[in-house]
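Since this is a predicted model, take the numbers as computed values, not measurements. In what follows, every heavy atom counts, from backbone to side chain, and hydrogens, waters and symmetry copies are set aside. When a residue number appears, it is its place in the shown sequence, counting from 1.
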Amino acid sequence: MGIGELDREAHVAEGTGAAAPRTLAEALRARGDEGLAALLRARPDLLNPVPNDLTQLATRAGTRGSVVRALERLDRFALQTAEALAVAPDPAPYPVLLALLTGDEGDPAIEAALPGAVALLREQALVWGEDDRLRLVRTARELLSPSPQHPSPTGLGPTVAEATSGMSPGRVQEIIGAAGLPATHDPVSAVAALTGLFTDRARMGALLDGAPPEALAVLDRLVWGPPYGEVTANPAPPVRWLRDRGLLLPVSARTMVLPREVALHLRGGRAHRAPEPVAPEVAVLREHRPQVVDGAAAGQAYTALATVEELLKSWDKGGPQVLRAGGLSVRDLRRTAAALDVTEQVAAFWLELCHGAGLLASDGEADERYAPTPAYDDWLDLPPAERWARLVTPWLASTRTSGLVGGQDAKGRALSALGPDLDRAAAPEVRHRVLGLLATLPPGAAADPETLFARLRWERPLRGAGPAAENTGSGSGPSLPDDLRSRLARWALAEAELLGLTGRGALSAPARALLNLPLAEAASPADEGGGVEESVAAERAATLLAPLLPEAVDHVLLQADLTAVAPGPLRRPLADALAVLADVESKGGATVYRFTPGSVRRALDSGLTASDLHDFLTAHSRTPVPQPLAYLVDDVARRHGHLRVGAASAYVRCDDDTVLGEILADRRSASLGLRRLAPTVLAAQADPAALLDGLRAMGYAPAAESAEGDVLVTRADAYRTPARTAPVPVPDGPPAPDATLLHAAVKAIRAGDRAATAVRREPSAPTPAGSLPRTSSAETLATVQAAAMTGSAVWIGYVNADGAASQRVIAPVRVEGGFVTGYDHTADEMRTYPLHRITGVAELADD
């Protein structure tokens with residue numbers, strides 16, 4: 001069914017069997033249940049709480065906050081239609097509205113799109129009335145109408161009647177005389193005559209034909225807005241000519257305004273300079289084979305997993321401290337970026353991604369630090385594709401915006417990674433929409449960013465008018481817009497590429513599955529998206545990604561230069577063990593590890609012996625263990641533990657007193673405060689940890705020992721925060737209602753409206769409009785008993801246990817024990833009410 005047919009059906013629904021609606025409530029009352037459900041679906045803020053009746057729904061739909069939210073979600077042409085109605089007469093016939101948008105020349109595209117725009121505005125209760133009397137909701141008119149404080153987006157000024165409202169009658173007569181109009185007897189008819197002149201194309205054209213060229217140049221500068229201009233106390237002759245004939249009207253002693261009727265004549269009747277009835281197309285920047293896109297995306301997904309693992313593994317012993325105001329310091333962010341070999345902006349993204357996925361949090365201690373959460377260990381045990389899905393799913397829904405890191409908030413305070421004030425409620429919607437627009441392109445096609453941003457601005461022109469002046473740490477480029485929505489879209493594109501949702505700028509097949517989109521033209525019905533739960537969609541995406549990721553290997557290639565090459569991602573036990581025994585030298589498709597005396601000592605500190613290391617290397621190398629590596633292991637193991645460090649404050653003992661003599665003679669030991677207590681024991685002023693580090697820096701391989709003299713084994717136990725939940729996204733308004741809630745809400749509103757509009761017999765004491773009926777207890781009891789005997793319905797006022805008052809229409813069937821039981825027409829079910837909570841009762845009229 002086309003938009004025009006929907007529009008015609010809406011007209012029929014509003015006008016069937018009744019006169020034209022006089023209020024928005026009457027227009028809503030004439031709608032069907034589907035029409036009310038569409039309104040509540042488009043404007044979910046109207047449901048909190050559920051309105052008692054249609055009058056209350058109409059009142060709530062006209063409040064300023066609700067109207068502003070509705071306007072923010074209009075596309076550009078629907079908004080331009082509302083703006084045109086705001087400068088049109090109230091009410092405005094459909095032809096007048098069409099003329100304001102098309103102008104004198106007409107525009108087939110606008111003529112085709114306007115019925116859909118009007119139907120959309122009607123559906124959202126921003127416009128009501130038949131086509132011959134279109135009315136913009138009063139609050140929307142106030143928001144969109146021109147005023148000196150809030151210029152109209154159309155660039156139009158006030159009407160002649162509005163601009164001359166404070167002018168003296170004599171001055172008005174002078175103006176119409178200078179314009180060649182006959183004098184009148186009152187200002188109202190004079191203003192009407194001047195308005196008639198300015199709206200008459202022929203007479204207006206003749207008047208302007210006699211204008212000086214300089215006067216026409218003044219009009220040209222004001223015609224598209226702003227319509228206000230400053231003048232001196234003695235204006236130039238062209239300005240005086242315009243002022244004398246009312247083509248410019250004074251707003252104050254120094255300000256003139258171009259009347260709306262004059263501007264529309266000069267514009268050819270068009271309210272907007274550039275109406276945009278059709279959404280801009282998203283252009284294709286380049287095309288690739290879908291297999292290439294999926295491969296590139298999978299490679300980036302693997303890199304994302306490796307980056308997250310590397311980041312959190314470096315914080316296994318506890319990460320940087322939390323700033324007093326929250327977040328990570330600039331110095332720690334810089335160190336993290338250097339460790340990951342990325343920019344600070346990208347490092348902030350990875351930090352926020354881990355935080356949003358619940359893998360990273362603060363430990364909550366007095367000396368608060370960041371550390372991985374217990375959920376990180378569970379995440380490590382998952383297959384790689386599932387780990388990827390656990391990252392991208394919360395990213396899609398997160399309102400945290402890492403692109404703001406490095407900038408300042410509205411108060412000039414620095415925005416730090418993991419800190420407060422990084423939530424932007426529009427971020428999830430923009431991410432979904434960016435990926436959705438990429439999905440409209442052919443498979444393997446990458447979008448032109450500028451056309452993508454133009455499409456987003458057309459879809460939500462007012463949503464992009466957020467804090468655009470907010471300083472951010474990333475440049476936007478000279479050709480790209482800097483409004484909030486465009487910056488969110490730019491960050492979404494970059495982050496999607498980092499996560500492997502896109503490859504070479506095009507949407508990948510796993511991303512399509514994650515968004516519940518069809519995967520290919522030949523997809524089976526089971527592969528179709530739409531209505532699939534989030535967890536199921538994530539599982540489908542992981543299933544598609546798994547074959548594209550490199551398989552984990554269980555071996556390395558040892559080389560004579562004390563390095564080991566991992567030809568692919570290593571299996572978990574091997575990767576963990578090798579990370580203790582060697583240091584990562586380079587990353588990429590093949591990771592290179594280097595063995596050093598320090599790394600071998602680290603493995604020995606963890607409790608392994610030299611024979612354990614030899615067996616490990618032999619078992620996991622596809623090449624023979626090089627002799628230099630075997631010598632390195634044996635040499636470090638022979639010296640490991642020769643020196644023993646314990647706690648006195650701290651001491652060093654060694655069976656070889658000459659070694660202790662060398663340490664005392666070494667100038668580098670001066671900071672440790674060493675002195676000889678016995679031939680084989682040195683005492684130190686430093687603590688044991690500092691003493692161990694100092695001796696290791698001097699080239700020794702000391703071992704820590706317990707109070708009993710046993711060697712202390714340093715296990716690679718990781719520090720974890722207490723259990724933490726992932727941050728909850730900041731809601732962007734109330735959630736969209738589901739079908740069950742919509743059905744129940746429409747049913748309740750209809751029932752409440754029937755109760756509120758039920759025709760009642762006139763009581764002896766008139767009841768004020770909108771108030772509950774008031775009768776004595778005896779009258780209430782007698783009336784409901786009589787209704788129960790006759791089977792008739794009555795109107796009651798009822799106050800529940802929470803003190804909420806409502807009006808209801810019930811048909812009593814039993815009255816006993818202080819309760820009345822009957823069929824509640826409002827709730828459409830049998831209910832029992834305590835008589836003491838009924839404020840009053842009235843009989844319904846016979847008709």
Visitor: Going by heavy atoms in the side chains, are L323 and L328 under 4.5 Å from each other?
Guide: no
Visitor: Treating R424 as the side-chain partner and R400 as the backbone partner, does any N or O pair qualify as donor plus acceptor under 3.5 Å?
Guide: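 No; zero donor-acceptor contacts below 3.5 Å.
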Visitor: How far apart are the closest heavy atoms of P569 and P550, and which atoms are they?
Guide: CG-O, 3.8 Å
Visitor: Which atom pair, heavy atoms only, marks the closest approach of L544 to P547?
Guide: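 Answer, listing the atom of L544 first, then P547: O-CD, 3.3 Å.
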Visitor: Evaluate the salt bridge (charged side-chain N to carboxylate O under 4.0 Å, His left out) criterion for residues R387 and E309: first the C-alpha distance (whole Å), next the side-chain angles of each, then the deciding distance (0.1 Å), finally the verdict.
Guide: CA-CA 11 Å; R387 279 189 278 147; E309 189 173 342; 3.6 Å; yes
Visitor: I'd like to know if the side chain of Y370 and the backbone of W315 have a donor-acceptor N/O pair within less than 3.5 Å.
Guide: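 No: the side chain of Y370 does not pair with the backbone of W315.
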Visitor: Hey, does R413 have a side-chain heavy atom less than 4.5 Å from the side chain of D421?
Guide: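 With C-beta onward as the side chain, the pair touches.
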Visitor: Cationic tip of R390 within the cone over W379's six-membered ring, i.e. under 6.0 Å and within 45° of the normal?
Guide: no
Visitor: One pair to check against side-chain contact (heavy atoms from CB on, under 4.5 Å): L126 and L120. What are the steps and the verdict?
Guide: CA-CA 9 Å; L126 295 172; L120 176 64; over 6 Å; no
Visitor: What's the separation between atom CG in L488 and atom CG in L493, rounded to the nearest 0.5 Å?
Guide: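 So the gap between those two atoms works out to 11.5 Å.
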Visitor: Which pair of non-hydrogen atoms, one from F453 and one from A489, has the smallest distance, and what is that distance?
Guide: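 Between these two residues, the closest heavy atoms are CE2-CB, 3.6 Å.
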Visitor: So does D341 have more than 12 non-hydrogen atoms from other groups sitting under 6.0 Å from CG?
Guide: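 Atom CG in D341 is not crowded, with 12 or fewer foreign heavy atoms closer than 6.0 Å.
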Visitor: Evaluate the side-chain proximity of L549 to P384: yes if any heavy-atom separation is below 4.5 Å, no if none is.
Guide: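 Yes, close enough: below the 4.5 Å cut-off.
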Visitor: Is any side-chain heavy atom of S486 closer than 4.5 Å to one of R457?
Guide: yes
Visitor: Working note: V592 + V584, criterion side-chain contact (heavy atoms from CB on, under 4.5 Å); need CA distance, chi angles, decisive distance, verdict.
Guide: CA-CA 6 Å; V592 178; V584 175; over 6 Å; no
Visitor: Output yes when a side-chain donor or acceptor of R594 lies under 3.5 Å from a complementary backbone atom of D561, and no otherwise.
Guide: yes
Visitor: Identify the two heavy atoms, one from A417 and one from L422, that lie closest to each other, and give their separation to 0.1 Å.
Guide: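 That would be CA-CD1, 4.4 Å.
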Visitor: Where do T401 and E352 land on the side-chain hydrogen bond (donor to acceptor under 3.5 Å, both in side chains) test, with the steps shown first?
Guide: CA-CA 8 Å; T401 310; E352 289 292 343; over 6 Å; no
Visitor: Could you tell me the separation between the CZ atom of R289 and the CD atom of Q291, rounded to the nearest 0.5 Å?
Guide: 5.5 Å
Visitor: So, the side chain of T623 versus the backbone of L558: is there a donor-acceptor pair under 3.5 Å, distance only?
Guide: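 Yes, because the side chain of T623 sits within donor-acceptor range (under 3.5 Å) of the backbone of L558.
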Visitor: Quick check on side-chain hydrogen bond (donor to acceptor under 3.5 Å, both in side chains): which of R76, E83, Q80 does H272 satisfy it with?
Guide: E83
Visitor: Any heavy-atom pair between the side chains of F77 and W458 that's under 4.5 Å?
Guide: yes
Visitor: Taking R724 for the side chain and L360 for the main chain, is one N or O donor matched with an acceptor at less than 3.5 Å?
Guide: no
Visitor: Main chain of A389, side chain of T393: is a donor-acceptor contact present, judged purely on distance under 3.5 Å?
Guide: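 Such a contact is found between T393 side chain and A389 backbone.
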Visitor: Is there a side-chain contact between R431 and L501, using heavy atoms and a 4.5 Å cut-off?
Guide: no
Visitor: Are more than 12 heavy atoms from other residues, nucleotides or ligands located less than 6.0 Å from atom CD of E539?
Guide: no
Visitor: Return yes if some donor-acceptor pair links the side-chain N/O of H355 with the main-chain N/O of L351 below 3.5 Å, else return no.
Guide: no
Visitor: Between L305 and W388, does the side-chain contact (heavy atoms from CB on, under 4.5 Å) criterion hold? Intermediate values first, please.
Guide: CA-CA 7 Å; L305 297 177; W388 174 81; 4.2 Å; yes
Visitor: List the steps and the verdict of side-chain contact (heavy atoms from CB on, under 4.5 Å) for L415 and Q408.
Guide: CA-CA 5 Å; L415 295 171; Q408 294 179 340; 5.8 Å; no
Visitor: For residues V553 and G568, report the shortest heavy-atom separation together with the two atoms involved.
Guide: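 Heavy atoms only, the tightest pair is CG2-O, 3.9 Å.
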Visitor: With a 3.5 Å cut-off and no angle check, do the side chains of T336 and E344 form a donor-acceptor pair?
Guide: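 Per modelled atom types, T336 and E344 side chains form no pair under 3.5 Å.
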Visitor: Distance from W350 atom CH2 to E310 atom CD, nearest 0.5 Å?
Guide: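 Between W350 CH2 and E310 CD, I get 11.0 Å after rounding to 0.5 Å.
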Visitor: Is there a side-chain contact between T303 and L498, using heavy atoms and a 4.5 Å cut-off?
Guide: no
Visitor: Do the side chains of R335 and D332 get close enough for a salt bridge, i.e. N-O under 4.0 angstrom?
Guide: yes
Visitor: Rounded to the nearest 0.5 Å, how far apart are CD of E429 and CG of L456?
Guide: 9.0 Å
Visitor: Any side-chain heavy-atom pair from P372 and L359 closer than 4.5 angstrom?
Guide: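 No - every pair of side-chain heavy atoms lies 4.5 Å or more apart.
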Visitor: Which pair of heavy atoms, one from T399 and one from P729, lies closest together, and at what distance?
Guide: OG1-CA, 3.5 Å
Visitor: May I ask you to check whether over 12 heavy atoms, not counting those of E111, lie within 6.0 Å of atom CD?
Guide: yes
Visitor: Using the rule given for side-chain hydrogen bond (donor to acceptor under 3.5 Å, both in side chains), can you reason through D107 versus T102, listing the C-alpha separation, both sets of side-chain angles and the distance that settles it, and then say yes or no?
Guide: CA-CA 5 Å; D107 189 326; T102 60; over 6 Å; no
Visitor: Can you tell me how far the CG atom of L312 sits from the SG atom of C354, to the nearest 0.5 Å?
Guide: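 So the CG of L312 and the SG of C354 are separated by 4.0 Å.
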Visitor: So does D45 pair up with R69, basic N to acidic O under 4.0 Å?
Guide: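 Salt bridge: yes.
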Visitor: If you measure from CG on L79 to CG on L144, what distance do you get to the nearest 0.5 Å?
Guide: 6.5 Å
